[in-house]
Amino acid sequence: FDCVLRLNFLTARCSLKMLESRKGFELKILKALGTELTVQTQNMLYHLGEEWQKLAVWKLPPSKESSSLESVMHSELHLRTVPSKEEEIAGPPVASVLQAFAVLGELHTKLKIFGQLLLKYILKPLISYPCLQPFTEEQSDVFILRFKSKEPNLDHSSPMEVFDKIKLIFEVLHKYLLNVPLEQPAEDRKNGRVTLAELLGDAIWEELSDCLIQNCLVNSIPTNSSKLEQYVEVIKSTEEFEKALKDMQFLKGDTTDLLKYARNVNSHFANKKCQDVIVAARNLMTSEIHNTVKITPDSSVALPRLPNPGAGDHLKMQKTSKLLHNNMVNLENETKLSQYTFSLPTCRISSSVEKLMELAYQTLLEATASTDQCCIQLFYSVRNIFQLFYDVVPTYHKENLQKLPQLAALHHNNCMYIAHHLLTLGHQFRYRLTNILCDGAATFVDLVPGFRRLGMECFLAQMRVQKGEILERLSSARNFSNMDDEENYCAANKAIRQVLHQLKRLGKVWQDVLPVNVYCKAMGTLLNTALTEIVTRIAALEDISAEDADRLYSLCKTMVEEGPQVFTPLPEDDKNKKYQEEVPVYVQKWMTFKELMIILQANLQEIVDQWADGKGPLAAEFSAAEVKSLIRALFQNTERRAAALAKIK
């Protein structure tokens with residue numbers, strides 16, 4: 001069948017081409033022969049197509065969503081198996097049908113369609129779904145390939161399991177369909193006879209290899225350097241898989257991208273580890289800031305014990321240093337610094353930032369046990385973590401950092417916490433990283449100023465917002481003038497109460513969050529803003545009646561009595577008393593404010609005594625011009641006032 005077909009078809013096609021090539025030889029019979037050849041070719045292709053459909057029968061899921069697991073379970077491939085003695089009765093043998101397709105130039109098209117169906121409904125699902133298992137069933141005249149499902153142990157199958165599944169599919173195809181030698185047409189022939197398996201391999205291997213890499217080998221790359229040694233099994237399994245395919249002639253002799261990828265595991269491990277680190281870091285940066293942990297001077301990152309530095313120049317340096325130390329006189333000062341001198345003060349930071357720092361330490365620890373190239377990549381990934389924080393956090397949380405004082409304080413602490421660790425982070429790992437990084441490159445100190453500035457700028461921006469609100473509330477006090485008017489007095493009293501309420505609320509929000517010294521400076525600055533504004537407004541008044549003075553004194557007394565109460569840096573009230581007594585240390589205008597209260601209640605002689613020829617407490621807080629202005633506003637123009645004014649100079 002195949003010999004006769006091949007001879008007749010090739011003879012007819014060659015003869016027709018030869019006649020067509022002769023110039024001027026245009027006969028109607030030639031056109032008729034060409035038409036007849038085309039008709040017979042198409043007729044033959046139709047019958048061959050029917051035979052092909054009997055050889056390989058696909059039963060595909062009805063749904064268009066063929067990628068879902070439930071849909072894939074309905075896929076089946078039926079391969080016809082005919083005993084050799086029945087071949088003549090059952091129809092032309094497989095080899096004849098396929099050879100006929102090759103002669104007619106349609107074999108590649110048929111194989112391409114078959115290969116795409118094989119990839120889509122058999123091979124790719126086996127790679128993508130760990131629960132799928134190939135199930136074979138052999139009947140009298142047909143071999144059935146279908147799926148069965150089992151409960152997967154892991155989210156991804158191991159490469160060894162996937163390779164075994166794929167190998168089983170190719171073994172079945174090789175046995176029942178593809179182990180057929182073919183002769184290519186003269187114009188396509190390169191190496192004489194080829195097998196159908198080789199042609200199918202050429203058609204689908206590149207896409208199958210990419211799928212195996214992206215959905216199987218990528219997932220098998222270790223996430224920890226300690227597991228790299230175990231990856232030898234995967235490389236060996238990949239080699240055996242390729243060898244099996246070459247034995248079945250699906251693959252040619254060259255090493256493929258699949259095996260190259262598996263052998264290059266160190267590079268892939270480094271890339272994957274770096275990618276995982278950055279993804280984990282970004283997830284932490286975009287998580288909520290308000291979940292906090294308390295940091296104390298005793299706190300430290302949970303870091304495993306680092307291995308001792310290996311032998312080398314550093315070890316020699318240590319020995320030399322020890323020798324010198326033994327021969328030197330001890331010049332150490334007997335007065336020792338506290339163990340907490342260089343510790344971060346007690347405060348609260350975001351738990352996500354603590355985890356971020358732990359991630360950095362763990363990644364650097366991983367780098368110490370990695371190859372040189374991997375070590376360098378991991379080191380710079382840690383640097384990238386902090387550079388990413390610098391760019392992402394202020395942008396991602398911008399609105400909350402502007403609106404919420406507590407988050408601004410936490411962000412300030414977070415930045416200072418990171419900067420604190422960056423000072424020594426590189427030094428801790430200096431002699432445990434690759435030699436390339438040991439020559440001073442393994443440092444994070446250059447990032448410290450940026451993080452400190454980032455934290456301060458955010459907190460200072462929040463301070464400006466709070467100052468603006470204080471000044472806005474005091475602007476409704478009607479310049480503290482005409483306090484004998486009940487409406488004016490109520491407005492001024494309300495403004496004072498609002499400012500105190502704002503400061504107390506802020507004191508609670510920042511309580512146990514900011515370090516005590518930062519808390520006191522911040523609250524002192526804001527209280528000072530309020531006192532400065534009040535002093536400025538009162539000192540600018542041109543006329544203050546006795547009743548006005550009494551009411552202004554009453555308002556100032558409220559500030560003096562309740563102002564210190566906003567200093568509550570610690571949750572325990574009894575411990576806050578110390579800081580409330582130290583208000584003059586943190587509020588620059590505190591004594592100025594108290595001197596103003598004295599003036600409001602004093603007579604002329606008392607004011608002169610307070611001035612004491614420019615050497616008294618009043619002179620320390622007010623200028624001569626300011627005191628004179630207050631005297632003119634408080635007292636009527638008399639000789640006694642003139643005498644008092646003369647003494648203020």
Side-chain angles (χ1 to χ4, degrees), residues 284-297 299 343-354 356-357 386-423 447-473 499 502-532 566-571 576 579 582-583 585-588:
L284 289 170
M285 293 172 201
T286 54
S287 62
E288 296 295 340
I289 300 178
H290 62 258
N291 296 322
T292 66
V293 291
K294 193 166 187 174
I295 298 298
T296 66
S299 301
S343 299
L344 197 70
T346 301
C347 64
R348 284 194 171 272
I349 63 168
S350 301
S351 57
S352 59
V353 168
E354 185 184 44
L356 187 73
M357 190 53 65
F386 299 116
Q387 289 167 347
L388 192 67
F389 183 97
Y390 193 92
D391 294 329
V392 168
V393 173
T395 304
Y396 186 85
H397 298 284
K398 182 178 180 180
E399 188 175 345
N400 286 336
L401 292 177
Q402 289 174 345
K403 289 182 178 180
L404 305 175
Q406 186 184 49
L407 295 194
L410 281 170
H411 181 62
H412 166 271
N413 294 352
N414 292 342
C415 292
M416 295 304 168
Y417 175 79
I418 291 173
H420 179 75
H421 279 279
L422 291 181
L423 283 170
L447 301 175
V448 171
F451 270 91
R452 287 177 174 169
R453 185 169 56 251
L454 184 67
M456 286 189 293
E457 285 176 353
C458 175
F459 190 65
L460 289 175
Q462 184 59 227
M463 288 287 288
R464 287 191 291 271
V465 171
Q466 297 300 324
K467 281 184 178 181
E469 291 182 9
I470 287 171
L471 295 176
E472 185 180 352
R473 289 187 167 97
V499 168
Q502 176 187 341
L503 291 174
K504 287 177 181 177
R505 179 176 53 82
L506 202 57
K508 289 295 183 184
V509 166
W510 285 344
Q511 183 185 78
D512 201 36
V513 174
L514 287 170
V516 171
N517 65 323
V518 177
Y519 177 98
C520 291
K521 287 179 182 178
M523 295 305 299
T525 300
L526 294 176
L527 181 56
N528 190 68
T529 298
L531 298 186
T532 302
V566 304
F567 286 80
T568 54
L570 302 174
N576 290 324
Y579 304 104
E582 294 175 350
V583 167
V585 176
Y586 304 110
V587 184
Q588 185 181 355

(request) Answer yes or no: does atom CD of Glu472 have more than 12 heavy-atom neighbours from other residues, nucleotides or ligands under 6.0 Å? (result) no
(request) Look at the side chain of His290 and the backbone N and O of Leu410, then say whether any donor-acceptor pair between them is shorter than 3.5 Å. (result) no
(message) Measuring from atom CD of Glu469 to atom NZ of Lys467, what distance do you get when rounded to the nearest 0.5 angstrom?
(response) 13.5 Å
(request) Return yes if some donor-acceptor pair links the side-chain N/O of Gln406 with the main-chain N/O of Val513 below 3.5 Å, else return no. (result) no
(message) Rounded to the nearest 0.5 Å, what separates atom CG in Asn413 from atom OG in Ser350?
(response) 8.5 Å
(message) Using 0.5 Å steps for rounding, measure from the CG atom of Leu422 to the CZ atom of Arg452.
(response) 9.5 Å
(message) Just so I know, are the side chains of Leu527 and Tyr586 near enough to count as touching, which here means a heavy-atom distance under 4.5 Å?
(response) no
(request) Report, as yes or no, whether the 6.0 Å neighbourhood of atom NZ on Lys504 holds more than 12 heavy atoms from other residues, nucleotides or ligands. (result) yes
(request) Please check if the side chain of Asn414 supplies one atom and the backbone of Ile349 the other of a donor-acceptor pair under 3.5 Å. (result) no
(request) Evaluate the criterion side-chain hydrogen bond (donor to acceptor under 3.5 Å, both in side chains) for residue pair Ser351 and Asn291; output intermediate values, then yes/no. (result) CA-CA 6 Å; Ser351 57; Asn291 296 322; 5.2 Å; no
(request) Measure the CG-CG distance between Leu454 and Leu447 for me, rounded to the nearest 0.5 Å. (result) 11.5 Å
(request) Quick one: closest heavy-atom pair of Ile289 and His397, and the distance? (result) CD1-CG, 3.5 Å
(request) Taking the side chain as every heavy atom from C-beta outward, state whether Tyr417 and Met357 have any atom pair closer than 4.5 Å. (result) yes
(request) Could you tell me whether Tyr390 atom OH has more than 12 heavy atoms of other residues or ligands within 6.0 Å of it? (result) yes
(message) Once you measure the plane-to-plane angle for Phe386 and Phe451, does it fall in the parallel (<30°), tilted (30-60°) or perpendicular (>60°) bin?
(response) perpendicular
(message) Main chain of Pro405, side chain of Trp510: is a donor-acceptor contact present, judged purely on distance under 3.5 Å?
(response) yes
(request) Compare every heavy atom of Leu503 with every heavy atom of Met523, then report the nearest pair and how far apart it is. (result) CE-O, 3.2 Å
(request) Taking all heavy atoms of Leu570 and all of Val516, pick out the closest pair and write down the distance. (result) CD2-CG2, 3.9 Å
(message) Could you check whether any side-chain N or O of Tyr519 sits under 3.5 Å from a backbone N or O of Thr568, counting only pairs where one atom can act as donor and the other as acceptor?
(response) yes
(request) Can you see which heavy atom on Ile295 is nearest to which on Glu354, and at what distance? (result) CD1-OE2, 4.3 Å
(request) Using side-chain contact (heavy atoms from CB on, under 4.5 Å) as the criterion, point out the one residue from Ile470, Leu531, Val499, Val587 that pairs with Leu526. (result) Ile470
(request) Work out which heavy atom in Cys347 is nearest to a heavy atom in Leu514; give both atom names and the distance. (result) CB-C, 4.2 Å
(request) Working to the nearest 0.5 Å, report the span between CD of Glu582 and SG of Cys520. (result) 7.5 Å
(request) Supply the atom-to-atom distance Phe459 CZ to Gln466 CD, rounded to the nearest 0.5 angstrom. (result) 9.0 Å
(request) Indicate yes or no: at least one non-hydrogen side-chain atom of Lys294 is less than 4.5 angstrom from one of Asp512. (result) yes
(message) I'd like to know if the side chain of Gln511 and the backbone of Pro569 have a donor-acceptor N/O pair within less than 3.5 Å.
(response) no
(message) Side chains of Thr346 and Pro297, heavy atoms from C-beta outward: is any pair under 4.5 Å?
(response) yes
